[in-house]
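Accompanying notes for the structure given below.
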Amino acid sequence: MSSKQPYDLLVIGGGINGVGIARDAAGRGYRTLLCEARDLGAATSSASTKLIHGGLRYLEYYEFRLVREALTEREVLMRAAPHIIWPLRFVLPHSPEQRPAWIIRLGLLLYDHLGGRRDLPGCEAIDLHQHVTGGPLHERWRKAFIYSDAWAQDARLVVLNALDARERGAEIATRTQCLSARPVGAFWEAELADEAGDVHRVRARAMVNAAGPWVNDVLSDRLGRNLAKQIRLVKGSHIVVRRLFDHSYPYIFQNEDKRIVFAIPYEDDFTLIGTTDEDYSGDPAAAHISAGEIDYLCAAVNRYFRRSVGADDIVWSYSGVRPLHGEMEGSASAATRDYVLELESETGGPVLLSIFGGKITTYRKLAEHAMRKLDGVLGRRPAPWTAGAPLPGGDIPGADFEAGLKDFRERWPWLPPGLAQRYFRNYGTRAERLLDEATEIADLGRNFGGDLYEAEVDYLVANEFAKTAEDILWRRSKLGLHLPADTAERLETYLKRAAPRLENRAIGA
């Protein structure tokens with residue numbers, strides 16, 4: 001971080017919106033610094049249902065602009081990162097006492113065409129008594145609809161945007177908190193404290209407040225501003241249980257309160273169930289699932305599945321707080337997922353842009369809209385560029401993951417098939433850098449458990465901002481679900497010893 005030469009842009013917040021804006025700005029040639037108080041994507045952005053989707057249920061609230069934008073972005077992102085984003089076919093059992101079949105079919109046809117679908121198959125009706133997806137369900141469910149959406153490794157999507165931003169010239173400062181910022185002449189002067197407690201003073205012509213559920217805290221506590229917009233904090237919780245079905249189709253269940261709950265194949269051996277919508281107060285970092293949410297999610301899926309689940313079946317749960325823009329009236333599930341960008345600018349003074357709301361699917365478009373506002377006040381108007389640019393590892397020919405995986409396995413035949421699949425799924429073409437000059441499994445170094453080898457750990461520290469076992473086991477991957485409980489302790493011991501030689505040294509670049 002430079003205390004002498006000013007930055008064009010200081011971004012506060014390392015969630016998906018913050019890293020998306022930093023990436024876009026760096027690619028346009030702006031000198032950019034992003035600071036994140038914890039790890040990248042440590043809060044809301046790694047606590048999603050992990051879907052890249054238009055939001056089928058938002059059609060009921062006439063959110064046509066949001067759904068159209070999200071559906072268009074769905075295929076843009078699938079082409080940009082085919083290793084961490086891939087299509088799924090969702091099964092929606094028909095619940096006749098809630099919505100007539102013709103309304104469901106009409107909504108799905110609108111969903112198919114609203115965003116100009118090109119690569120994904122359209123919706124269709126199925127007989128559950130004749131289709132593989134009917135087997136796990138109670139006999140009463142006879143008819144269903146199937147439609148397309150996509151899945152994403154959400155925390156990895158955050159990291160890859162930050163990685164691309166850094167490779168385009170941005171500085172990414174994790175574990176670095178903004179203590180304060182004030183306008184001085186044409187610049188913001190900010191005090192940033194790193195994890196060692198050292199305070200850095202930096203200047204920037206413009207600042208983006210992308211602190212997610214802490215957006216108002218930054219405005220009031222760090223900047224001394226009045227709250228610009230009212231936000232509604234809504235907690236969403238998920239549970240993970242052992243695999244409830246053997247096929248690859250996820251389910252979307254209509255609940256009796258007219259909300260929806262997903263049951264999604266997860267990490268090969270598990271089923272992900274969520275989400276809830278509860279108004280929340282308190283520190284977003286302390287959010288955790290309640291007994292009521294557990295009962296709600298279990299009851300929702302037990303209404304459909306023959307095999308019932310309860311609290312004792314849960315192997316992991318997570319909760320995140322969404323900062324939704326809008327008033328407190330009405331149900332939390334009906335609150336808009338759209339975003340609002342609030343620009344504050346005074347003649348001759350620095351610019352502040354605050355981000356309210358948003359969803360992971362539309363982060364790239366949100367970043368474009370943010371830069372459209374900032375370009376004018378920063379004095380330049382570089383052309384938008386991210387729509388056709390792959391994320392790191394996503395430059396797979398033809399965005400064809402299966403063909404790319406086949407080629408990868410042929411070039412690294414000594415890798416066990418499961419490990420090759422995981423490497424290419426997580427890192428895409430960057431898996432080559434992880435392997436570097438290895439010619440056999442022993443060259444990957446120490447095995448921390450399962451298939452987590454020293455070479456991968458070193459790569460994540462050197463290239464992907466990882467610093468702790470939690471970063472590696474629960475955000476850069478979900479290996480924490482698969483490995484022994486003592487893996488984290490062994491990994492922490494190794495990281496303390498290895499970090500000095502690895503940080504800021506890109507492996508295999």
What residues form a ring pair (Phe, Tyr, Trp, His ring centres under 6.0 Å) with Tyr296, not counting sequence neighbours?
-> none
State yes or no: are the ring centers of Phe408 and Tyr423 separated by less than 6.0 Å?
-> no
Arg166 charged N/C atom sitting above Phe465 aromatic ring, 6.0 Å / 45° = yes
List the steps and the verdict of side chain to side chain donor-acceptor pair (under 3.5 Å) for Asp24 and Tyr30.
-> CA-CA 9 Å; Asp24 197 328; Tyr30 292 117; over 6 Å; no
Taking atom types as modelled, find out whether Ser48 and Asp154 have a side-chain donor-acceptor pair closer than 3.5 angstrom.
-> yes
Ring centres under 6.0 angstrom apart (Tyr58, Phe64) = no
Quick one: side chains of residues 391-400, donor-acceptor pairs under 3.5 Å with protein atoms, not counting sequence neighbours, listed by atom name and distance.
residue : atom : partner : partner atom : Å
Asp395  : OD1  : Thr429  : OG1          : 2.4
Asp400  : OD1  : Glu402  : N            : 3.3
Asp400  : OD1  : Ala403  : N            : 3.1

Distance-only criterion, 3.5 Å: show the donor-acceptor pairs between side-chain atoms of residues 239-246 and protein atoms not counting sequence neighbours.
residue : atom : partner : partner atom : Å
Arg243  : NH1  : Asp268  : O            : 3.2

Please name all residues satisfying ring pair (Phe, Tyr, Trp, His ring centres under 6.0 Å) with Trp316, sequence neighbours left out, ordered by chain then number.
-> Tyr318, Trp474
May I have all residue pairs that pass ring-ring contact (aromatic ring centres under 6.0 Å, His included) and include part of residues 269-294, sequence neighbours excluded?
-> Phe270-His482
Report the distance from atom CG of Leu34 to atom CG of Leu9, rounding to the nearest 0.5 Å.
-> 9.0 Å
When you measure from the centre of the six-membered ring of Phe401, is the NZ or CZ of Arg425 under 6.0 Å away and within 45° of the axis?
-> yes
Heavy-atom closest contact (Ala387 atom, Val76 atom, distance) = O-CG1, 3.5 Å
Can you tell me how far the CG atom of Asp39 sits from the CG atom of Asp471, to the nearest 0.5 Å?
-> 3.5 Å
Would Tyr363 and Tyr339 count as a ring pair (Phe, Tyr, Trp, His ring centres under 6.0 Å) if you check the C-alpha gap in whole Å, the side-chain angles of each, and the deciding distance to 0.1 Å?
-> CA-CA 10 Å; Tyr363 86 89; Tyr339 53 83; over 10 Å; no
Partner of Thr275 under side-chain hydrogen bond (donor to acceptor under 3.5 Å, both in side chains), chosen from Lys235, Glu293, Arg322 | Arg322
Could you check if a side-chain atom of Ser148 sits within less than 4.5 angstrom of a side-chain atom of Pro87, using non-hydrogen atoms only?
-> no
Validation row: Leu219, Ser354 side chains within 4.5 angstrom (heavy atoms) = yes
Non-hydrogen side-chain atoms of Pro213 and Thr44 separated by less than 4.5 Å = yes
Would you kindly check if the NZ (Lys) or CZ (Arg) of Arg222 is within the cone defined by 45 degrees around the ring axis of Trp214 and under 6.0 Å from the six-membered ring centre?
-> no
With ring centroids as reference points, do His53 and Phe90 lie under 6.0 angstrom apart?
-> no
Beyond-backbone contact of Asp338 with Thr362, side-chain heavy atoms, under 4.5 angstrom = no
Centres of the Trp141 and Tyr304 rings: under 6.0 Å?
-> yes
Test salt bridge (Lys or Arg N to Asp or Glu O under 4.0 Å) on Arg364 and Glu73 and set out the steps.
-> CA-CA 8 Å; Arg364 190 201 65 84; Glu73 283 299 287; 2.8 Å; yes
Could you tell me which residues satisfy ring pair (Phe, Tyr, Trp, His ring centres under 6.0 Å) with Tyr111, sequence neighbours excluded, listed by chain and number?
-> Tyr147
Between Leu157 and Val159, is any pair of side-chain heavy atoms under 4.5 Å apart?
-> no
To the nearest 0.5 Å, how far apart are NZ in Lys478 and CG in Leu481?
-> 8.0 Å
